[in-house]
Amino acid sequence: MIKAENIYKSFGKLEVLKGISTGIKESEVVAVIGPSGSGKSTFLRCLNMLETPSSGSVWIDGQELTNPKTDIVKVRQHVGMVFQHFHLFPHLSVLENLTYAPMTVLGKTKSEAEQAGYDLLAKVGLKEKAKDYPNRLSGGQKQRVAIARALAMNPKVMLFDEPTSALDPEMVKEVLEVMKSLTQTGMTMAIVTHEMGFAREVADRVLFLDDGQLVEDSPPSEFFANPETKRAQDFLEKML
Ligand code: ADP
Ligand code: MG
């Protein structure tokens with residue numbers, strides 16, 4: 001579903017990604033972990049071309065995003081992204097946050113989009129908040145709306161960049177629960193996270209990034225019990 005081949009990315013003289021190659025199969029859930037500044041966000045953003053790789057190739061569902069002939073806007077419609085800081089539209093109600101893109105981009109009718117929106121809000125436990133504005137919601141609720149909004153585009157892939165890092169501790173669980181239920185639907189997911197327990201429980205594979213390199217790529221049972229590299233061992237010692 002996702003393939004990254006030899007991705008390099010520099011910002012000016014700073015080389016942030018140093019040749020990352022990996023793939024994510026359909027329905028696979030991959031946790032991306034590593035120290036702050038190791039390039040996790042940049043890597044995720046390269047997967048949907050929010051950042052253009054300096055070199056290397058990215059494919060999503062057979063389409064090469066790094067090919068200049070590809071209509072990136074179109075491919076990106078199938079890639080949902082959830083950020084640390086929600087990025088909801090503040091001037092739209094919760095329901096309107098969910099219906100806006102399906103109506104304007106996918107051409108759904110208002111009633112179709114609202115029906116789908118209510119269904120998604122029910123799935124994330126927020127149906128009763130449909131008419132509220134984002135500033136009335138807790139952080140955990142905002143993030144659940146952000147996930148529902150991404151799902152409203154019927155994505156093939158969901159990318160999460162530290163979705164719980166900006167939340168108060170008591171709200172982390174409700175968001176992780178929503179993500180966990182999403183894994184059970186067969187969604188293909190890449191999740192940058194510092195929630196080691198969650199990664200261990202839901203991920204099929206752990207990608208460990210350090211200093212712009214993919215240092216380990218292994219099942220969580222192996223990664224957490226027996227990290228191969230000193231770099232991963234040191235990281236886990238600090239985290240656990
Ligand atoms: P992580 O998500 O693992 O913390 P990032 O991918 O955000 O790491 O950042 C990796 C490095 O790239 C950091 O040194 C960061 O300062 C730098 N960086 C990220 N985005 C930009 C940008 N748009 N311009 C310049 N430097 C950036
Ligand atoms: Mg980051």
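Computed from heavy atoms alone, side chains included, the values below leave out hydrogens, waters and symmetry copies. Just so you know, these numbers come straight off a predicted model, no measurement behind them. When a ligand or atom number is given, it counts from 1 through the structure's own listing order.
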Heteroatom N/O/S of S41 within less than 2.8 Å of the Mg ion (ligand 2): yes

Steps toward side-chain hydrogen bond (donor to acceptor under 3.5 Å, both in side chains) verdict (D210, S38): CA-CA 5 Å; D210 190 29; S38 57; 5.6 Å; no

Atom 9 (O) of ligand 1: nearest protein contact (heavy atom, Å): T42 OG1, 3.9 Å

Lys/Arg cation over aromatic F223: R205, 6.0 Å, 45° cone: no

Nearest non-hydrogen protein atom, atom 19 (C) of ligand 1: F11 CE1, 3.5 Å

Trace of the salt bridge (Lys or Arg N to Asp or Glu O under 4.0 Å) decision for E216 with R231: CA-CA 10 Å; E216 296 201 30; R231 292 201 266 181; over 6 Å; no

Salt-bridge present (D234, K238; N to O < 4.0 Å): no

Contact check, G34 vs ligand 1, heavy-atom distance below 4.0 Å: no

Ligand-residue contact atoms, ligand 1 with P35, heavy atoms, under 4.0 Å: 3 (O)

Atom 4 (O) of ligand 1 touched by protein (heavy atom, under 4.0 Å): yes

Verify atom 15 (C) of ligand 1: protein non-hydrogen atom under 4.0 angstrom away: no

Contact (N/O only, under 3.5 Å) between E162 and ligand 1: no

Minimum non-hydrogen distance to atom 12 (O) of ligand 1, winning option of D211, D161, L44, V16: V16

For atom 1 (P) of ligand 1, the protein heavy atom that lies nearest, with its residue and separation: G37 N, 3.5 Å

E5 with K3: basic N within carboxylate O range, under 4.0 Å: yes

Whether over 12 other heavy atoms sit under 6.0 Å from Y100 OH: no

Nearest-contact summary for atom 7 (O) of ligand 1 - protein heavy atom, Å: S41 CB, 3.6 Å

Heavy atoms of other groups near K173 NZ, more than 12 under 6.0 Å: no

Carboxylate-amine/guanidinium contact K69 E64, below 4.0 Å: no

Taking atom 8 (O) of ligand 1 as the reference point, the nearest protein heavy atom with its distance: G39 N, 3.2 Å

Shortest protein contact, atom 17 (C) of ligand 1 (heavy atom only): L14 CD2, 3.8 Å

Sub-4.0 Å heavy-atom approach of G212 to ligand 1: no

Other residues, nucleotides, ligands: >12 heavy atoms within 6.0 Å of E26 CD: no

